[in-house]
Number of protein chains: 2
Amino acid sequence: MADLSSPTLRRAPPRGDDRLFLTERKLRQGAELMFFAYRYFTEDADKLLTGRDYGRAHHRALHFIGRQPGISVAGLLEILAITKQSLARVLKPLIEDGLVRSETGADDRRKRLLYLTEEGAAFEAQLSMAQRERLISAFREAGPEAVEGFRRVMALMIDSERRDDILDFVYSNADVAHVETKE
Amino acid sequence: MADLSSPTLRRAPPRGDDRLFLTERKLRQGAELMFFAYRYFTEDADKLLTGRDYGRAHHRALHFIGRQPGISVAGLLEILAITKQSLARVLKPLIEDGLVRSETGADDRRKRLLYLTEEGAAFEAQLSMAQRERLISAFREAGPEAVEGFRRVMALMIDSERRDDILDFVYSNADVAHVETKE
DNA sequence: TTTTTATGTCAACACTCCTGACGTAAATTG
DNA sequence: CAATTTACGTCAGGAGTGTTGACATAAAAA
């Protein structure tokens with residue numbers, strides 16, 4: 001591996017200022033790995049989007065609506081962290097095209113509760129599948145311990161103030177239609 | 001469901017269908033962690049960019065020029081994986097503003113070799129610093145084994161055809177000006 | 001009844017990426 | 001040396017995603 005060609009890594013680290021040097025390198029490498037990995041991670045689904053009138057933002061909306069059916073517009077806005085005008089441009093065509101259904105809330109009739117239609121769920125599944133195939137092979141080749149490390153590091157990249165909320169969301173059970181009920 | 005179409009996942013694991021369920025969950029969680037982590041990862045540097053006339057693409061150009069001083073335009077295009085028209089819109093102002101210097105190649109006078117000026121290097125360092133602080137705390141809290149796992153998984157997200165090239169690049173020693181030579 | 005909340009929408013703008021087309025200078029090739 | 005290829009620059013137009021500001025409506029809450 002390229003690591004061994006590195007004089008720094010080959011040189012026995014005496015625990016002195018060498019630590020700083022190693023850290024500097026690892027940080028830069030970490031940042032670059034984030035860049036390259038994310039680019040390939042999104043690439044597969046993006047390819048399926050081109051040609052249709054949709055983009056990555058539509059995929060994200062579909063994903064989080066499928067993840068939490070009945071989510072309100074405000075809820076979706078908080079997860080996506082965009083403005084309502086940005087969301088509207090994405091959501092409107094999805095509703096008009098019959099991929100997302102918008103229902104008036106039963107308890108609070110101001111709210112619009114969002115659901116995937118069958119067509120929407122199918123499209124979302126197709127997009128996710130492309131993305132997940134990359135994760136599947138990466139996770140399998142890396143091994144369970146590496147995956148656990150990946151999860152730890154990624155979780156710690158989230159702002160500490162928001163981290164618990166977001167991790168609660170990520171690790172919560174999905175009500176999602178496409179999660180097979182084990183029996 | 002689409003997962004079931006995957007031979008690997010369909011193949012009965014020792015632990016029964018419970019494994020399948022866990023894997024399905026882990027993949028979705030992994031994808032969501034990628035989304036949230038990357039958003040926060042880029043957020044810090046993005047904040048420093050707003051107000052100036054630059055964006056994330058300018059940061060990337062500055063980073064990779066600083067990473068490999070004297071890189072050609074074609075070399076930069078290959079790393080960034082964008083079109084030359086996209087790069088031009090980013091590179092032109094950086095050169096005009098005196099952050100990047102463009103030199104005619106000595107051996108091949110068609111080539112334009114790119115370097116950061118002092119001002120460019122200072123700006124790039126400022127942007128990277130913001131980004132790396134998040135990595136520093138994440139890496140420190142996660143611990144060295146988790147970081148190793150993170151690196152493995154991220155590396156495996158890269159297309160297998162390009163992986164070796166990119167990893168050679170990422171793990172290669174930087175000629176970078178701001179990397180202190182320990183002695 | 002007044003205020004606040006949840007949502008929708010119009011308009012304008014910034015950034016990043018794309019495709020297609022054309023031009024120029026320098027290296028390479030026949 | 002002439003023709004071709006390579007490296008780079010640039011003009012034009014379009015798509016997608018994000019922003020701010022302003023205004024409107026229906027329904028809940030005070």
Side-chain angles (χ1 to χ4, degrees), chain A residues 35 38-39 42-43 45-65 70-97 100-114 127, chain B residues 35 38-39 42-43 45-65 70-97 100-114 127:
Chain A
F35 167 68
Y38 195 76
R39 190 171 75 194
T42 55
E43 198 186 61
D46 284 355
K47 276 180 192 160
L48 291 175
L49 269 329
T50 57
R52 319 209 185 202
D53 297 332
Y54 304 136
R56 199 179 292 180
H58 300 83
H59 179 194
R60 288 203 278 256
L62 289 173
H63 172 92
F64 286 112
I65 293 170
I71 189 173
S72 68
V73 171
L76 197 50
L77 281 177
E78 199 190 342
I79 287 175
L80 295 173
I82 57 177
T83 60
K84 66 174 172 179
Q85 296 93 324
S86 294
L87 179 57
R89 188 179 20 210
V90 160
L91 208 46
K92 205 177 171 182
L94 288 176
I95 292 172
E96 286 170 352
D97 296 350
V100 170
R101 184 164 40 90
S102 170
E103 273 185 15
T104 298
D107 52 321
D108 188 336
R109 292 166 45 85
R110 291 171 302 180
K111 289 189 178 175
R112 297 290 173 271
L113 308 185
L114 305 170
L127 293 170
Chain B
F35 167 67
Y38 196 76
R39 190 172 74 193
T42 54
E43 198 186 62
D46 284 357
K47 277 180 191 160
L48 290 174
L49 268 328
T50 60
R52 319 210 186 201
D53 298 332
Y54 304 134
R56 199 180 291 180
H58 299 82
H59 179 193
R60 288 203 279 258
L62 289 174
H63 172 91
F64 287 112
I65 294 170
I71 189 173
S72 68
V73 171
L76 197 50
L77 281 177
E78 199 189 341
I79 287 174
L80 295 173
I82 56 177
T83 60
K84 65 176 172 177
Q85 296 93 323
S86 294
L87 179 58
R89 188 181 13 201
V90 160
L91 207 48
K92 205 177 172 184
L94 288 175
I95 292 172
E96 287 171 352
D97 297 348
V100 169
R101 186 164 39 90
S102 171
E103 272 185 15
T104 299
D107 53 322
D108 188 337
R109 291 166 44 85
R110 292 172 303 180
K111 290 189 178 174
R112 297 290 173 271
L113 309 184
L114 305 171
L127 292 171

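Predicted, not measured: the structure shown is a model, and the values here were computed from it. Chain naming here is simple, since letters A, B, ... match the order of the sequence lines and numbering starts at 1 in each.
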Exercise for review: Over all heavy atoms of both residues, which pair between A:Val90 and A:Ala57 is shortest? Give the atoms and the distance, please.
Suggested key: CG2-CB, 3.6 Å
Check your understanding: Rounding to a whole Å, what distance do you find between A:Leu49:CG and C:dC18:C1'?
Key -> 15 Å
Review point. Once you round it to whole Å, what is the distance between C1' of C:dG8 and CG of A:Leu114?
Key: 13 Å
Practice item. Compare side-chain N and O positions of B:Arg52 against OP1 and OP2 of C:dC15 and report whether any pair is under 4.0 Å apart. Key: no
Exercise for review: Measure up the B:Phe64 and A:Phe35 rings against each other and bin them: parallel (under 30°), tilted (30 to 60°), perpendicular (over 60°).
Suggested key: tilted
Point to revise | Heavy-atom check, side chain of A:Arg112 versus side chain of A:Thr104, under 4.5 Å | key: yes
Review point. Looking at CG of A:Leu94 and NE2 of A:His59, how far apart are the two atoms once the value is rounded to the nearest 0.5 Å?
Key: 11.5 Å
Review point. Does some side-chain heavy atom of B:Leu49 sit less than 4.5 Å from a side-chain heavy atom of B:Arg56?
Key: no
Practice item. Using chain B heavy atoms and a threshold of under 4.0 Å, write down where along DNA chain D the contacts begin and end, 5' to 3'. Key: D:dT6 to D:dC11
Review point. Atom CG of A:Leu94 to atom P of C:dG8: distance rounded to whole Å?
Key: 13 Å
Study note, to complete from the structure: Distance col, row A:Leu48:CG vs A:Leu127:CG, nearest 0.5 angstrom, shows 5.5 Å
Study note, to complete from the structure: Among the nucleotides C:dT16, C:dA11, C:dT19, whichever has the atom closest to the side chain of A:Gln85 is C:dA11
Practice item. Kindly say whether B:Leu80 contributes a backbone atom to a donor-acceptor pair with the side chain of A:Arg39 at under 3.5 angstrom? Key: yes
Point to revise | Earlier contact from the 5' end, DNA chain C, for A:Arg89 and A:Lys92 | key: A:Lys92
Check your understanding: Within the structure shown, what part of the strands sits under 4.0 Å from A:His59 by heavy-atom distance: base, sugar-phosphate, or nothing?
Key -> nothing
Review point. Can you tell me how far C1' of C:dT16 sits from CG of B:Leu62, to the nearest Å?
Key: 16 Å
Point to revise | Validation row: B:Ile79, B:Ile71 side chains within 4.5 angstrom (heavy atoms) | key: yes
**Study point:** Non-hydrogen side-chain atoms of B:Asp46 and B:Thr50 separated by less than 4.5 Å
**Key:** no
Exercise for review: Could you tell me which residues satisfy ring pair (Phe, Tyr, Trp, His ring centres under 6.0 Å) with B:His58, sequence neighbours excluded, listed by chain and number?
Suggested key: B:Tyr54
Review point. Residues from residues 70-83 of chain A sitting under 4.0 Å of DNA chain C, heavy atoms only?
Key: A:Ser72, A:Val73, A:Ala74
Practice item. Please name the pair of heavy atoms, one in B:Ser102 and one in B:Ile95, separated by the smallest distance, quoted to 0.1 Å. Key: CB-CD1, 3.9 Å
Review point. Salt bridge (charged side-chain N to carboxylate O under 4.0 Å, His left out): which pairs involve residues 76-85 of chain B, sequence neighbours left out?
Key: B:Glu78-B:Arg162
Revision key, fill the gap. Rounded to whole Å, the CD-P distance (A:Glu96 to C:dG8) equals 12 Å
Review point. In degrees rounded to 10°, what angle is found between the helical axes fit to the five outermost pairs at each end of the helix from C:dT1-D:dA30 to C:dG30-D:dC1?
Key: 20°
Exercise for review: At under 4.0 Å between heavy atoms, which parts of nucleotides 23-30 of chain C does protein reach? Answer with one letter per nucleotide, 5' to 3': B base, S sugar-phosphate only, - none.
Suggested key: ---BS---
Check your understanding: Rounded to the nearest 0.5 Å, what separation is found between the CG atom of B:Asp97 and the CZ atom of B:Arg52?
Key -> 11.0 Å
Practice item. Please tell me if the side chains of B:Leu91 and B:Leu114 come closer than 4.5 Å, counting only heavy atoms from C-beta onward. Key: yes
